[in-house]
Amino acid sequence: MKLVFATNNEHKLDEIRHILDSSIRIQSLTEIGCMEDIPETANTLEGNAQLKANYIHEKYNLDCFADDTGLEIEALGGKPGVFSARYAGPGHNHQKNMDKVLVELGGEINRKAQFRTVIALILDGKKYSFEGIVEGKILTEKHGDKGFGYDPIFQPDGFNVSFAEMDLKDKNEISHRGKAVRKLVDFLKNYNKS
């Protein structure tokens with residue numbers, strides 16, 4: 001089975017290719033010749049994931065999936081949420097985004113947070129959705145240099161290291177994206193049998 005993953009994020013592609021088995025071949029946007037920056041104008045993670053999947057399906061008529069992920073911090077009322085990638089302003093500046101979160105949280109005692117990923121799949125013209133959540137807390141400073149995004153300031157529950165201190169295999173076992181992708185993979189395996 002061939003599926004387009006509607007992202008230009010190499011980190012996400014690597015993570016997903018590590019999780020998927022060899023029966024599912026993932027194509028990037030570059031591989032299908034899509035160089036556009038697909039608009040993410042919805043006000044929910046679900047909406048953005050669906051927008052991206054719809055764009056690829058309508059323009060290229062290919063089976064595809066897209067994801068959107070947000071960091072949701074309890075003390076900030078669920079922010080940055082759907083605006084996680086551009087929290088500090090236009091562009092995808094991970095350092096500025098993390099700095100803004102750390103400043104906004106300041107000395108806040110409640111540092112509870114969760115990462116949530118929503119995957120929108122379009123397969124044979126039908127739409128499906130999968131969600132993965134990992135709960136944890138926001139650290140008071142950055143730790144580690146692996147991963148991307150908010151990984152250096154997010155510590156998952158049950159661990160004493162940040163996502164940025166974990167190797168990719170361990171992170172994929174527990175991560176929001178890993179959980180959502182495993183739901184997608186289980187669905188695709190059963191889909192193939194029917």
List the atom of [X], the atom of [Y], and the distance in Å for their closest heavy-atom pair.
| X | Y | result |
| --- | --- | --- |
| Met166 | Val161 | CG-CG2, 3.8 Å |
| Lys52 | Ala66 | CB-CB, 3.5 Å |
| Lys146 | Asp151 | O-CB, 4.2 Å |
| Ala120 | Ala53 | O-CB, 3.8 Å |
| Pro152 | Leu139 | O-CD1, 3.9 Å |
| His143 | Ala164 | O-CB, 3.4 Å |

Are any of the side-chain nitrogens in [X] or [Y] under 4.0 Å away from the carboxylate oxygens of its partner?
| X | Y | answer |
| --- | --- | --- |
| Lys2 | Glu31 | no |
| Lys79 | Glu104 | no |
| Glu46 | Arg116 | yes |

Within the side chain of [X], is there an N or O that forms a donor-acceptor pair under 3.5 Å with the backbone of [Y]?
| X | Y | result |
| --- | --- | --- |
| Lys183 | Glu131 | yes |
| Asn48 | Ala42 | yes |
| Glu108 | Asn110 | yes |
| Asn172 | Lys169 | no |
| Asp67 | Ala49 | no |
| Arg17 | Ile26 | yes |
| Tyr150 | Val101 | no |
| Lys12 | Thr7 | no |

> Is there a donor in the side chain of Glu58 and an acceptor in the side chain of Asn54, or the other way round, less than 3.5 Å apart?
Replying inline: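 Result is no, nothing qualifies.
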
Can you tell me how far [atom2] of [Y] sits from [atom1] of [X], rounded to the nearest 0.5 angstrom?
| X | Y | atom1 | atom2 | result |
| --- | --- | --- | --- | --- |
| Ile153 | Leu105 | CD1 | CG | 7.5 Å |
| Leu184 | Phe65 | CG | CZ | 5.5 Å |
| Asn8 | Glu36 | CG | CD | 9.5 Å |
| Leu188 | Ile24 | CG | CD1 | 4.5 Å |
| Leu121 | Cys64 | CG | SG | 7.5 Å |
| Tyr191 | Asp124 | OH | CG | 3.0 Å |

> Are Thr44 and Val82 close enough, and set up right, to give a side-chain contact (heavy atoms from CB on, under 4.5 Å), and what steps lead you there?
Replying inline: CA-CA 6 Å; Thr44 64; Val82 73; 5.5 Å; no

Linked, directly or transitively: [X] and [Y] (ILVMFWY side chains, under 4.5 Å):
| X | Y | result |
| --- | --- | --- |
| Val118 | Phe130 | no |
| Val4 | Leu13 | no |
| Ile133 | Leu76 | no |
| Met1 | Ile119 | yes |
| Ile73 | Phe83 | no |

> Going by the angle between their ring planes, with limits at 30° and 60°, are Phe163 and Phe154 parallel, tilted or perpendicular?
Replying inline: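 Taking Phe154 first and then Phe163, their aromatic rings sit tilted (interplane angle of 30° to 60°).
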
> Can you check side-chain contact (heavy atoms from CB on, under 4.5 Å) on Leu45 and Thr69, steps first, answer last?
Replying inline: CA-CA 6 Å; Leu45 299 175; Thr69 295; 5.8 Å; no

> Given Lys142 and Gln95, is the side-chain contact (heavy atoms from CB on, under 4.5 Å) satisfied, shown in steps?
Replying inline: CA-CA 10 Å; Lys142 301 168 193 169; Gln95 296 303 322; 2.9 Å; yes

[Y] side chain reached by [X] side chain, heavy atoms, under 4.5 Å:
| X | Y | answer |
| --- | --- | --- |
| Ile122 | Ile56 | no |
| Ile138 | Leu102 | yes |
| Asp14 | Phe148 | no |
| Leu51 | Asp68 | no |

> Considering residues, nucleotides and ligands other than Lys137, do more than 12 of their heavy atoms fall under 6.0 Å from its NZ?
Replying inline: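 No, not enclosed.
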
> Within a radius of less than 6.0 Å around CG of Asp167, do more than 12 heavy atoms belonging to other residues, nucleotides or ligands occur?
Replying inline: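 Check passes, neighbour count above 12.
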
>> If you apply the rule side-chain contact (heavy atoms from CB on, under 4.5 Å), what do you find for Leu71 with Asn97, and how did you get there?
In response: CA-CA 11 Å; Leu71 174 64; Asn97 289 338; over 6 Å; no

>> According to side chain to side chain donor-acceptor pair (under 3.5 Å), does anything in residues 152-163 pair up with another residue at least two apart or in another chain? List the pairs.
In response: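 Every side chain to side chain donor-acceptor pair (under 3.5 Å) pair that includes a residue of residues 152-163, provided the two are not neighbours, is Ser162-Glu165.
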
